[in-house]
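Beneath this line is the structure, given in structure tokens, with notes to follow.
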Amino acid sequence: ALLSSVVRKAPIALSHLLRRSVTGEPSAFSPIVSIALRWSAKGTNNRRIHSESCLHHGEYEWKDPKSPDEIVNVTFIDKDGQPRQVKGKVGDNILYLAHRHRIELEGACEASLACTTCHVYVDGEHLSKLQNATEEEEDLLDLAPCLAENSRLGCQIILTKELEGITLTVPKITRNFYVDGHVPQPH
């Protein structure tokens, strides 16, 4: 009897939690699992809970574009001055896109806005097309070595079609409080 009571109340509790999510969107309920309730017209005994995994940080960038309209061409210039052209897509985070293509852009804090190891220089043509840096990003950039007027944190740059052809230069040095010389591995 207790189990059937819990099962009957579970959809109500889940829908309450979904309504209280941060963005108000059911998909934002959990970064790990999204829950969809399937209701049957036959009555309350046929309710089923279906779960499916969602994308974790950086997993979106590992997916290929679904159409040519989504492609955004990006050029990374590495620490040695060598250009590397990659195809990103609308919505990609620059830090994770760099990891996918094995560009040496560390991101020690995993895009939590707590370090400067994903510091990049944005070409002048595209700098004005980026959203303004937040106060938190500007405060961190003040700690970045080799700061310049066009400095941004790669983890804060999300690709849009307006950024087609953007060139990002990786500074010659970064300050890693974890371990100097550490080479990041994609997760």
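Note on Leu105: it does not cluster hydrophobically with Tyr121, by side-chain heavy-atom contacts below 4.5 Å among ILVMFWY residues.
Within the 3.5 Å criterion, the main-chain N or O of Asp80 finds a donor-acceptor partner in the side chain of Asp78. Side-chain atoms of His119 never come within 3.5 Å of backbone atoms of Ser151 as a donor-acceptor pair (strictly under, hydrogens ignored). Counting only distance, with no hydrogens or angles, the side chain of Glu70 and the backbone of Lys66 share a donor-acceptor pair below 3.5 Å.
When side chains are defined from C-beta on, Asn73 does not count as touching Gln85, because their heavy atoms never get closer than 4.5 Å. Annotation: side chain of Leu163 is not in contact with side chain of Val90 (no heavy-atom distance under 4.5 Å). Counting heavy atoms from C-beta on, the side chains of Cys155 and Tyr96 never come closer than 4.5 Å. Annotation: side chain of Leu159 is not in contact with side chain of Lys89 (no heavy-atom distance under 4.5 Å).
For Asp64, the salt bridge (Lys or Arg N to Asp or Glu O under 4.0 Å) partners two or more places apart in sequence, or in a different chain, are Arg100. Annotation: salt bridge (Lys or Arg N to Asp or Glu O under 4.0 Å) contacts of Lys129 (sequence neighbours excluded): none. Under the rule for a side chain to side chain contact (heavy atoms under 4.5 Å, CB included), the partners of Val86 that lie at least two apart in sequence or sit in another chain are Val74, Phe76, Arg84, Leu97, His101.
Apart from Ile77 itself, the hydrophobic cluster it occupies contains nothing, where clustering links Ile, Leu, Val, Met, Phe, Trp and Tyr at side-chain heavy-atom distances under 4.5 Å.
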> Would Thr116 and Leu153 count as a side-chain contact (heavy atoms from CB on, under 4.5 Å) if you check the C-alpha gap in whole Å, the side-chain angles of each, and the deciding distance to 0.1 Å?
Replying inline: CA-CA 7 Å; Thr116 62; Leu153 295 179; 4.3 Å; yes
> Step by step, would you call Thr160 with Glu162 a side chain to side chain donor-acceptor pair (under 3.5 Å)?
Replying inline: CA-CA 5 Å; Thr160 62; Glu162 293 77 32; 3.0 Å; yes
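In plain terms, the two heavy atoms of Thr75 and Pro83 that are nearest each other are CG2-CB, 4.1 Å. The minimum heavy-atom distance between Gly154 and Ile94, with the atom names listed, is O-CB, 3.3 Å. In this structure, Thr117 and Gly107 approach most closely via the heavy-atom pair OG1-N, 3.0 Å. Nearest heavy atom pair, residue Ala114 against residue Leu140, reads N-CD1, 3.8 Å. When all heavy atoms of Leu147 and Leu141 are compared, the pair lying nearest together is CD1-O, 3.3 Å.
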Side-chain donor-acceptor pairs of residues 165-173 under 3.5 Å, sequence neighbours excluded:
| from | atom 1 | to | atom 2 | distance (Å) |
| --- | --- | --- | --- | --- |
| Lys172 | NZ | Lys79 | O | 2.9 |

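Interatomic distance, CD1 of Ile157 versus CG of Leu130, reported as 5.0 Å (0.5 Å rounding).
Sequence neighbours left out, the pairs with a member in residues 136-151 that pass salt bridge (Lys or Arg N to Asp or Glu O under 4.0 Å) are Glu137-Arg152.
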